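Here is the structure we will look at.
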Number of protein chains: 2
Amino acid sequence: MATGRTHRPATRSRGIPEATVARLPLYLRALTALSERSVPTVSSEELATAAGVNSAKLRKDFSYLGSYGTRGVGYDVEYLVYQISRELGLTQDWPVAIVGIGNLGAALANYGGFASRGFRVAALIDADPAMAGTPVAGIAVQHTDDLDRIISDNGVSIGVITTPPGAAQQVCDRLVAAGVTSILNFAPTVLSVPEGVDVRKVDLSIELQILAFHEQRKAGEDSAAEDEGAPPMRATPASRKGPDGDMPAVMPA
Amino acid sequence: MATGRTHRPATRSRGIPEATVARLPLYLRALTALSERSVPTVSSEELATAAGVNSAKLRKDFSYLGSYGTRGVGYDVEYLVYQISRELGLTQDWPVAIVGIGNLGAALANYGGFASRGFRVAALIDADPAMAGTPVAGIAVQHTDDLDRIISDNGVSIGVITTPPGAAQQVCDRLVAAGVTSILNFAPTVLSVPEGVDVRKVDLSIELQILAFHEQRKAGEDSAAEDEGAPPMRATPASRKGPDGDMPAVMPA
DNA sequence: ATGTCTTTGTGAACGCGTGCACAAAGATAG
DNA sequence: CTATCTTTGTGCACGCGTTCACAAAGACAT
């Protein structure tokens, strides 16, 4: 089997934009809610509102999947739920392993949003020997030493890293070596992985920093001249720089 | 363009691209690490590698902040740390309130990454009366009834929502009414907020679904002939009622 | 069957973000 | 002071994503 690609509709699955893929779960959630209320069909306008996006964008997104709508009517909710689920690969079971069972790791293990979408927490792994055997969310924590075997035995291809930053890369390497090809990283670390392995990162403090930026902008709209109280910042070890100063020099003063 | 003024910290927050803002925390983290190792200067190439981005992108990002580098040498680490911190608004203290103290809320309250960057958990709020007074991460949980006063008293402008999806919008409305203008939402809900309020969402299950999509693609590259097994069938009498709901999210309320 | 009305699907224009490639700036050596 | 070498700052081109606007498709009524 070479680079076989002749049997795929080509129009589909071939080129779904990344931005679209990122929105599919959003649509799926909105559609699931409609489904539970037994709503048979929905227009792009309604669904877009429910998902918090533009209707034109939604239609274009769906167009990448195929022509699943009916002009003059809208989209069949159940049908679309199935199509999107299939496209996202949610019709199959995905065993997931969480490495690093601290506060966050334990919270994720208990998180209902995972199990409800075809993701099954297959294993919890931690480096602390004292935790081995301790049940978290009904699952016994296992020790890092057995990581390789645990991943293999459970056929895990998606790993979640919730370790301290210092251990993240090492854990990542071991996960990859064991066969994991998708990683969700919560540790504030830049992971380097070989070709073919996907990494998505969720960084809580970065999100807050982005909010702080906008918050500062909103607040400092008028009082843009009072954040001057902070020291320009130390002169640092200023290695090879003479008194000439390569320092602040600027500082809005 | 920049008519070569070079004195004012460049175009203030006016024209910093959103994509750049999102990367500044990344640079800051890498720079902080260098600073702790007392590295005086760093080139765009080195820093880019450490931050996991392209060096041209990094230089362009920094150019939006101003001309803080020295040609032939690189960037002064300490100076850059200060400039980015200031730009992000991290030179001031940001009191944060977390609403919804379930597993995830508690984990965030304990998360060290917040405090280390100028973010201070000023209040923990939950709707469960039984939790009122209970200390979490050294802070007593307060009841939702006092939300308004708590936000005002602490001057909170950034709120974190970790409630079940059903309560998210209501909590959001109350936070906004109380004066919060930035929200970090962990609930799998589309929040609608008035103009001027920023919302960033962190959706754990969406991240996994995106990974699953790519995972499926990688795995199904050759075996693309078994997706015919499940009958999609249109216009269904709503027979599927499974566990597909996304009700249990963070914690029962 | 024909006409009207609704809603999809998409061509095309636009804007943002990315990366290349290079001239300008400054350090450093002679 | 001049030459050389390093690294920044950025003009430019390209590609992706978003949005508009509308023709085509189909439902529904007459």
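We name chains A, B, ... by the order of the sequence lines, and we start the count at 1 in each one. Here the structure is a predicted model, which is why all the values come from computation and not from measurement.
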Open item on the list: For a quick check, tell me whether the side chain of B:Arg71 and the base of D:dT7 share a donor-acceptor pair closer than 3.5 Å.
Closed with: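 Result: no qualifying N/O pair found.
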- [ ] Report yes if a donor N or O on one partner sits less than 3.5 Å from an acceptor N or O on the other, where the partners are the side chain of A:Lys60 and the base of D:dT18; otherwise report no.
- [x]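 No, no donor-acceptor pair under 3.5 Å.
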Please report the distance, rounded to the nearest Å, between [atom1] in [X] and [atom2] in [N].
X       : N      : atom1 : atom2 : result
B:Asp61 : C:dG19 : CG    : C1'   : 12 Å
B:Glu18 : C:dG15 : CD    : C1'   : 15 Å
B:Leu47 : D:dT8  : CG    : P     : 10 Å
A:Glu46 : C:dT7  : CD    : P     : 8 Å
B:Asp76 : C:dA27 : CG    : P     : 13 Å
A:Phe62 : C:dT10 : CZ    : P     : 14 Å
B:Glu45 : D:dT6  : CD    : C1'   : 12 Å
B:Gln83 : D:dT8  : CD    : C1'   : 17 Å

With the side chain of [X] defined as its heavy atoms from C-beta on, choose the nearest nucleotide among [options].
X       : options                : result
A:Val73 : C:dA21, D:dG26, D:dA27 : D:dA27
A:Ala19 : C:dT8, D:dT18, C:dA23  : D:dT18
A:Lys57 : C:dT18, C:dA21, D:dT19 : D:dT19
B:Arg23 : C:dT18, C:dC20, C:dG26 : C:dT18

Task: Nearest-nucleotide 5' precedence on DNA chain D, A:Gly72 against A:Thr20 - done: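 The residue closer to the strand's 5' end, by nearest nucleotide, is A:Thr20.
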- [ ] Would you indicate what B:Tyr75 reaches in the nucleic acid, counting non-hydrogen atoms under 4.0 angstrom: base, sugar-phosphate, or nothing?
- [x]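 Sugar-phosphate: the residue B:Tyr75, judged by heavy atoms under 4.0 Å, touches backbone atoms but no base.
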TODO: Could you tell me if the ring centre of B:Phe62 sits under 6.0 Å from that of B:Tyr68?
DONE: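 Centroid distance B:Phe62-B:Tyr68: not below 6.0 Å, so no.
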Task: Verdict with supporting geometry, B:Ile210 and A:Glu18, side-chain contact (heavy atoms from CB on, under 4.5 Å) - done: CA-CA 9 Å; B:Ile210 294 172; A:Glu18 195 55 34; 3.9 Å; yes
Task: Side-chain heavy-atom pair B:Glu46, B:Leu34 within 4.5 angstrom cut-off - done: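 They are not in contact (no side-chain heavy atoms under 4.5 Å apart), so the answer is no.
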OP1 or OP2 of [N] less than 4.0 angstrom from a side-chain nitrogen or oxygen of [X], does that happen here?
X       : N      : value
B:Arg59 : C:dC22 : no
A:Ser44 : C:dT8  : yes
B:Asn54 : C:dC20 : yes

Open item on the list: Using only atom types and a distance under 3.5 Å, with no angle test, would you say the side chain of A:Ser85 pairs donor to acceptor with the backbone of A:Thr91?
Closed with: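 Between the backbone of A:Thr91 and the side chain of A:Ser85 there is no qualifying donor-acceptor contact (under 3.5 Å).
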Open item on the list: Walk me through whether B:Glu78 and B:Tyr82 qualify under side-chain contact (heavy atoms from CB on, under 4.5 Å).
Closed with: CA-CA 6 Å; B:Glu78 296 296 326; B:Tyr82 174 76; over 6 Å; no
